[in-house]
J.: 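Dropping a structure here in structure tokens format, bear with me for questions.
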Amino acid sequence: MAPIGFRTIEIDEPGGAFDVRVNGVKIFCRGACWTPADFLSQAPSSSELRRAFENLQDAGMNMLRVPGTTIYEQEAFYELCD
């Protein structure tokens with residue numbers, strides 16, 4: 001995997017709109033806060049995770065926020081994020 005870096009991340013609110021700029025370039029973001037797929041066992045299957053990510057993609061989302069107050073996700077979660 002190639003390294004990636006952000007020099008700047010800015011929020012611009014022209015006329016009440018909400019724009020996100022990365023390195024000065026306006027980007028499209030649609031996302032949600034992640035809720036663990038299987039909070040009780042804390043170990044969802046790969047197929048459960050894949051189904052959740054397919055649903056996110058079908059909804060047009062390209063960004064997830066992982067709150068720091070939930071469980072740490074397994075490596076398969078981050079591989080699907082990539």
Side-chain angles (χ1 to χ4, degrees):
M1 182 183 335
I4 186 169
F6 304 120
R7 292 181 189 273
T8 61
I9 298 176
E10 303 163 298
I11 303 299
D12 190 14
E13 298 178 277
F18 185 86
D19 293 335
V20 177
R21 296 182 187 276
V22 175
N23 298 339
V25 177
K26 183 178 168 182
I27 62 167
F28 173 80
C29 294
R30 176 176 289 148
C33 289
W34 175 252
T35 301
D38 187 349
F39 200 80
L40 292 178
S41 75
Q42 300 182 4
S45 68
S46 294
S47 63
E48 287 175 300
L49 280 176
R50 182 166 302 283
R51 187 171 44 254
F53 273 78
E54 287 170 353
N55 289 338
L56 291 166
Q57 186 177 21
D58 290 345
M61 295 185 191
N62 63 353
M63 189 165 98
L64 277 179
R65 178 179 180 270
V66 180
T69 57
T70 64
I71 62 172
Y72 290 104
E73 289 293 342
Q74 57 190 329
E75 190 61 30
F77 171 86
Y78 297 102
E79 289 171 3
L80 287 167
C81 284
D82 286 341

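Heavy-atom basis, side chains included; hydrogens, waters and symmetry copies ignored. Predicted model only: the values in this text are computed from it and were never measured.
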J.: For a side-chain contact (heavy atoms from CB on, under 4.5 Å) check, start with the C-alpha distance between R21 and D12, then their side-chain angles and the critical distance, and finish with the verdict.
T.: CA-CA 7 Å; R21 296 182 187 276; D12 190 14; 3.7 Å; yes
J.: Filter on salt bridge (Lys or Arg N to Asp or Glu O under 4.0 Å), then keep only pairs touching residues 44-70, sequence neighbours left out; what's left?
T.: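 For residues 44-70, and leaving out neighbouring residues, there are no salt bridge (Lys or Arg N to Asp or Glu O under 4.0 Å) pairs at all.
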J.: Please report the C-alpha distance between L49 and Q74 in whole Å, then the side-chain angles of each, then the deciding distance to 0.1 Å, and finally whether the side-chain contact (heavy atoms from CB on, under 4.5 Å) criterion is met.
T.: CA-CA 10 Å; L49 280 176; Q74 57 190 329; 3.4 Å; yes
J.: Does any non-hydrogen side-chain atom of T8 lie less than 4.5 Å from one of V22?
T.: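 Heavy-atom side-chain distance check fails, nothing below 4.5 Å.
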J.: Could you go through the side-chain contact (heavy atoms from CB on, under 4.5 Å) check for L64 and L56 one step at a time?
T.: CA-CA 9 Å; L64 277 179; L56 291 166; 3.8 Å; yes
J.: Treating E10 as the side-chain partner and V25 as the backbone partner, does any N or O pair qualify as donor plus acceptor under 3.5 Å?
T.: no
J.: Can you confirm whether P36 sits close enough to F77 that some side-chain heavy atom of one is under 4.5 Å from a side-chain heavy atom of the other?
T.: no
J.: How many angstroms lie between atom CE of M63 and atom CH2 of W34, to the nearest 0.5 angstrom?
T.: 15.0 Å
J.: Dump the intermediate steps for side-chain contact (heavy atoms from CB on, under 4.5 Å) on V66 and Y72, then the final yes or no.
T.: CA-CA 9 Å; V66 180; Y72 290 104; over 6 Å; no
J.: Could you see if M61 belongs to whatever hydrophobic cluster contains F28? Use Ile, Leu, Val, Met, Phe, Trp, Tyr and a side-chain cutoff under 4.5 Å.
T.: no
J.: Can you tell me if N23 uses its side chain to pair, donor with acceptor, with the backbone of F6 under 3.5 Å?
T.: no
J.: Taking salt bridge (Lys or Arg N to Asp or Glu O under 4.0 Å) as the cut-off, I'd like each qualifying pair that reaches into residues 24-35, sequence neighbours left out, listed once.
T.: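 Matches after skipping sequence neighbours: D19-K26.
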J.: Return the minimal non-hydrogen interatomic distance between C29 and N62, and the atom names on each side.
T.: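 Closest approach of C29 to N62: CA-OD1, 3.4 Å.
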